[in-house]
Structure formats: structure tokens, C-alpha cells
Amino acid sequence: MDATSRVDAGLSHPLARPTLLFGLLMLLVAAHVGSALPPIQGWDFPVWLTVGTIAADFVLVTVRKPGRLARWQVTTMVGFSFAAAMLLVVPGDGGTSYRAIPYALGYLNLSLSLLVLRGHTVVGTLSALTILSGLALWGVRAGLNPTAQAEYLGQPTVTLVGFWMIFLVSRSIANSRVRTVAQQLSAVAETDAARGILADERRALSEIPDRVEPLLRRIASGEPLTEGFRAELIAADEEVRNLLRHDLPDHQGLLGAIANARARGATVRVIGNEDPSAAQLREVLADRLIELLATDGLTSATVRFLPRSRGGAVSLLLEGEDWVRRYEFDSNGELLRVPA
């Protein structure tokens, strides 16, 4: 349950796209008023391409689907941004777009840095640094002194670093939220499991009186303790023990076979391993146990469910008047020990 890939710092919000486009419009107006850009009628193709590319980048980076962008969207943003940057920097002919270069490259850096917020940290960082390299190249060709060069490069660099900080903070918040949700789900699961155990215990406690009270009334009435009556008491004692345990299988066929064996006078003991997983009994294994518990001449049987360290196997010891047989099956019902 990892939501890290869905971190986008709000860029998938429905209001993100109109906000960015409105911000771009305001930047263009401010640049026009401040003479950073020539009048619209004087824009040449590189300027038009740059403005269109930035607008398209803002549209692509604000898709409504949370998380990372599709590969074609990232490729489109990077490809058109690099093409616009090259058309601005490479000619260097001092045309109408020349004085707009630092601002245009700064806005391209801004749009590509937004990829960091969508989770494309490597692509976004390398693309933004490439645009910054183009801006530095322009400064060298324009003969700017180091102070002016640092002034032009400072703002785009701060933008990239700021977006990285926002991304890290957003991812940290998302991871904390994931851990919190996981803890809550775990608590819910534990609560449901506890409720299930309590429900089983209540069901078992409700069944115990029906099995014990008739025998207690017979004892209270002074009924003689015959062999048959003693066998009934032993069987009832085993049934009550089984009801109170949760590491024994709740398989109706096997429980019926045990009850039938006890009704024939055999003593049947069922031993668990304090592992609730033993309650999951496969049909093939259950059929083998049911068949063996119906063995003629059976006087005693001990069924032991082994722990997970032994593969969840089952050990079965059968005793008759003059014979003893021991079986061991794996969880799939395959015989592990030759009867001896």
C-alpha cells in the first residue's frame, strides 16, 4: 500500500491547470509592461513557440489523474521545451526575441521543474539543468559579467530547489499517511479477529450446557457409573475441551467420525499445537483420517496436529486389543510414515 507514486503536490487538483495558466498570463502581462518582451506584433516564431510550449507544459503537467505522468506526456514536454530553447539560444542573431531569452528560458525551466512535483525527479531535474545550461551559454555569448550571470541563473535555480523541497515534504506526508492508514487497517483487522474469536467462544459456551447438563442430571439422580455411562462422560469431556480450543479443525466430517468412534466405545483424543492455522484442514487429509477412525476393533485413537515447523503434518496413533498402528500425514494427506 504505497502511495508515494501518487504524490503530485496538488498538480492533479481540478484548479491547478487554470491557476497555472492564469499565472502564465499574468507573467506575460508583467513582462510586456516591463518591456522584458517586445510588443505582441513584434514576436517572432521562437517567442510564439516558447509561449505555446510553456502553456502546453502547464496543461500536460496538470492532468487530473494523480501521480506520475504517462511517458508520452513527459516526452512531449521535454522535447518541445528543448526545441524552443534551442531556437532561442542557437541563432544568437540579436533578433526581436533576443532580449526575451533569459525570461523565456526561465519560464521553460519552471515548466520542466514541475515534473519533479509529479514524481519524475530525474527527468525533471536533468531537463531543468539543461535549460539552465542554455541560459548560462546565452549569458556567456552576451558578455554578461558574473554578477549579472548569477542574477539570471539564481531565480531558476531557486525554483528547481524549491520544487525539490516541496516534493520531499509531500512524499514524507504521503508516507506518514500511508503508515497511519496501514496501522488503522491493521487495528480494524485485529478487532475483527478478536470479535470472531469472541463469537466462537460465545457459541461454544452456549453449546456446552446442552452437552453437559443431561449428564450432570443423570449423575445427580444417582445413576450407576457403568462402562457405557463412563464412556459417555469421557466423550462429553473431550467435546467440551474441543469446543474451548481454537487450534483444532472445525471439520464436520472429521468431528462426526470422532463422535462415531467414541460411540463405539473407543477413546479418542485430539491434541492441538496452539496454532490456529491447524483449523484449516484439507479434504484429502480429512478423508484419510475419517477412514482410519472407522477401523474395526479400534479401542483408542490419538490425533495430534503438528506445528508449522513440521509442515502442519498430522500424527495418528490407533490402538486395538492386540495391535498398535502409527501414521503421519502431511498437510496434503500424503503418508509420511509407514504404519508400524
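Basis for what follows: all heavy atoms, side chains included, without hydrogens, waters or symmetry-related copies. Along the sequence shown, residues are numbered consecutively beginning with 1.
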Could you label the plane-to-plane angle of the Trp164 and Phe167 rings as parallel, tilted or perpendicular, counting under 30° as parallel and over 60° as perpendicular? perpendicular
May I ask you to decide if [Y]'s main-chain N or O and [X]'s side chain share a donor-acceptor pair within less than 3.5 Å?
X	Y	value
Thr267	Ser300	no
Arg218	Glu223	no
Thr62	Val59	yes
Asn109	Leu105	no
Ser81	Val78	no

Would you say that [X] contacts [Y] through its side chain, given a criterion of any heavy-atom pair below 4.5 Å between the two side chains?
X	Y	value
Lys65	Ser12	no
Phe82	Ile131	yes
Pro156	Leu110	no
Leu293	Leu254	yes
Phe329	Val284	no
Tyr327	Val314	no
Leu108	Ile54	yes
Tyr107	Thr159	no

Test Leu87 against Phe45 for side-chain contact (heavy atoms from CB on, under 4.5 Å), laying out the working first. CA-CA 9 Å; Leu87 288 177; Phe45 177 73; 3.6 Å; yes
Closest approach of [X] and [Y], non-hydrogen atoms and distance?
X	Y	value
Val61	Leu11	O-CB, 3.7 Å
Arg118	Pro66	NH2-C, 4.0 Å
Gly297	Trp323	O-CZ2, 3.9 Å
Leu88	Ile101	O-CD1, 3.1 Å
Leu49	Ala84	CD2-CA, 3.9 Å
Val268	Ala261	CG2-CB, 3.8 Å

Drop me the distance from [X]'s [atom1] to [Y]'s [atom2], to the nearest 0.5 angstrom.
X	Y	atom1	atom2	result
Leu285	Glu334	CG	CD	10.0 Å
Leu135	Thr130	CG	OG1	12.5 Å
Thr121	Arg68	OG1	CZ	7.0 Å
His13	Arg64	NE2	CZ	9.0 Å
Phe163	Leu112	CZ	CG	11.0 Å
Phe305	Leu316	CZ	CG	9.5 Å

Side-chain heavy atoms under 4.5 angstrom apart, residues restricted to Ile, Leu, Val, Met, Phe, Trp, Tyr: same cluster for [X] and [Y]?
X	Y	result
Leu137	Leu126	no
Ile166	Val161	no
Phe58	Trp72	yes

Start with the C-alpha distance between Leu160 and Leu129, add both sets of side-chain angles, then the distance that settles side-chain contact (heavy atoms from CB on, under 4.5 Å), and finish with yes or no. CA-CA 9 Å; Leu160 178 60; Leu129 290 177; 4.0 Å; yes
Do other residues, nucleotides or ligands put more than 12 heavy atoms under 6.0 Å from Phe80 CZ? no
Would you say that more than 12 heavy atoms from the other residues, nucleotides or ligands in this model lie under 6.0 Å from the CD of Gln155, or not? no
Determine, step by step, whether Met77 and Leu114 satisfy the side-chain contact (heavy atoms from CB on, under 4.5 Å) criterion, reporting the C-alpha distance in whole Å, the side-chain angles of both residues, the deciding distance to 0.1 Å, and the verdict. CA-CA 11 Å; Met77 288 181 60; Leu114 290 172; 5.6 Å; no
Sort out for me which residue in Val123, Thr75, Val63 forms a side-chain contact (heavy atoms from CB on, under 4.5 Å) with Leu69. Val63
Assess, by modelled atom type and distance only, whether the side chains of Arg304 and Ser315 contain a donor and an acceptor separated by less than 3.5 Å. no
Can Tyr103 and Leu28 be said to form a side-chain contact (heavy atoms from CB on, under 4.5 Å), step by step? CA-CA 10 Å; Tyr103 305 99; Leu28 291 175; over 6 Å; no
